[in-house]
Amino acid sequence: MPFKRLILASELLSVLLVLPAYALTPVSGRNGMVASSEPLASQAGVEILQAGGNAVDAAVAVGFALAVTFPRAGNLGGGGFMLIRMNNGQPIVVDYREQAPAASTRDMFQDGRGKLVPHASTIGARAVGTPGTVMGLAMAEEKYGRLGLARVMAPAIRLARDGFTVSDSFAESIRSERSLLEKFDGTRRIFLRSGRLYQPGDVFRQPDLARTLANIAKHGPQAFYSGAPAKAIVATMQKYNGLITHDDLEQYQAKLRAPLLGHFRGFDILSAPPPSAGGTLLIEMLNILDPLDLSAPNSYPSIHLLAEAMRRAYADRATYLGDADFSKVPVAGLTSPRYAAKLREEILAAPPDAPIRAGDPQSFESNATTHFSVVDAEGNAVANTYTLNGWFGCGVTVEGAGFLLNNEMDDFTTKPGSPNLFGLVQGEANAIAPRKRPLSSMTPTIVLSDGKVRLVLGSPGGSTITNTVLQVLLNVLVYKMDVLQAVASPRFHDQWSPDLLSLEREGFSSDTIKMLQKAGYPVNFRDNMGDCEVIEIDSQSGWRFGASDPRGDGKAVGY
Ligand code: DON
């Protein structure tokens, strides 16, 4: 391998020294485990497991609880993907991604001269795709849960009605997004109490949301898509010039899809199919890396090989990926080992400083998506990632119903050649069309070993999601870290365009950085990347080990 170099002693030292701040052990449990971005939501999941619920019951409980306790990303007004693997071996993905309203048009975010209208696809009601979360969670519960919607929604209803104590990070999330939250009446009233910021220790109650949740718990998802919340959504759309109609809501369907299946060094990898790009890219990158010597984590040789795999996979994302119900997406080709072999040859032959266009340094991060992982005592597992897209979505709250709406329309190609919120420049396959689903990066993933669940993981982070999942997965499977080390370890990201290799600010050795720069990588530095929530099942003992990313304020809870 021409670019393989010896790891310098100082490099190795820094690899070994990246963890001291987080040098704790994962949470362990004999029976079940929930890892999410918010402690009260994790606790809600464990409450349901202990009440006799399975992993799906607990996951649905966590999904509704996060809509209450983590409103910057947890939601009723957004969408996502739930990967379920029941212990009978049958895996399934519930695709509850948002959908473009019927009145959407391909150029709807451009002005008469073809220029993107600033913020049109990110702020306000036109940015909203028809929400899928309520249909998706309810479908998962009905098909795979055991306790029923009313029971699993009880913790969320309680948290909304009785309130919960505001944490530092909750107060900060509101403070930092104040300018968005104060733009819309309904949102300002709930999150800013018309001007008085919430302080840590205050109690945050959401009576409108409690009523909406209770309505869904009693009457099922149709209450949301055709009852009082639907009327409130349409009225809010009319007030703020949005496109979603009663017809859009009534026709919305969550879809059951076969997960993608890849193989990596004897493990089976299950992940999300289109309209997420996540599973396709993850498997493509793992296929490229499978036979290569990945050396030590975050050393020059390993960063080089991973970055080259990332660039090529993300270039394919931009060109080929979109909603496969609308255009042909060559998933089989992209995930085939033969295609990976061709890309690998290219990587080994080309210098890493092959011509690189100057990028536009920007930070793409805001943890406005959220992931949770659940495992129960019977070995059923759920990996769920869902989102409003940006923090607090488009900023609009459905008035009277108490929940925020997404700005997922920005995940479409709003204009060919123009970057979206995450710097992604996307292609024709992801153009806006009525009732189409925007391409996602969400990568809920389950790894199997000998047919049994070994790892359950996923993360927020926009375009960085798939690379976060890749690195955490390699940290466990290749570098033999425990799950807490695996999520705590520093991460990096390359998405091909802009052509930048972005390293987290802390944790990379200066020698490694110099070697990367010398090899021609346009290195830049970024803040924290992702918030990975992971569970591992030890195949020998059956113990569950959970870890919530130290970059966030979440918690793994086991019993
Ligand atoms: O589906 C997607 O790929 C994006 N809407 C995810 C957004 C996200 O992760 C924001 N948080 N970091």
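Along the sequence shown, residues carry numbers from 1. Counting starts at 1 for both ligands and their atoms, following the listed order.
For ligand 1, the atoms lying closer than 4.0 Å to a non-hydrogen atom of G461 are 9 (O), 11 (N), 12 (N). For ligand 1, the atoms closer than 4.0 angstrom to any heavy atom of S440 are 1 (O), 2 (C), 3 (O). Below 4.0 Å from some heavy atom of F422 lie the following atoms of ligand 1, by number and element: 7 (C), 8 (C), 10 (C). The contact set between ligand 1 and S441, taken as ligand atoms under 4.0 Å from a residue heavy atom, comprises 1 (O), 2 (C), 3 (O). Listed by atom number, the atoms of ligand 1 under 4.0 Å from R97 heavy atoms are 1 (O).
Residues R85 and D268 are not paired through a salt bridge, judged by the lack of any N-O separation under 4.0 Å between the basic side chain and the carboxylate. For the pair D411 and R437, the salt-bridge criterion is not met [side-chain N within less than 4.0 Å of a carboxylate O]. Using a cut-off of 4.0 Å between Lys/Arg side-chain N and Asp/Glu carboxylate O, R312 and D494 are scored as not salt-bridged.
Polar contact with ligand 1: present for G462 (N/O pair, distance under 3.5 Å). Geometrically, ligand 1 and T387 share no nitrogen or oxygen pair separated by less than 3.5 Å.
A perpendicular orientation is assigned to the rings of F372 and Y386, their planes being inclined by more than 60° (bins at 30° and 60°). Between F224 and F403, the ring-plane angle classifies as tilted under the 30° and 60° cut-offs.
No option in L209, V398, V68 other than L209 meets the side-chain contact (heavy atoms from CB on, under 4.5 Å) test with L76.
Here D411 has side-chain heavy atoms under 4.0 Å from ligand 1, and that is the only part of it that gets that close. Only the side chain of I465 comes within 4.0 Å of ligand 1, counting heavy atoms alone; its backbone N, CA, C and O stay farther away.
Remark: the backbone N or O of F422 is paired with a side-chain donor or acceptor of Q495 at under 3.5 angstrom.
Taking 4.0 Å as the cut-off, W391 does not count as a neighbour of ligand 1 on heavy-atom distance.
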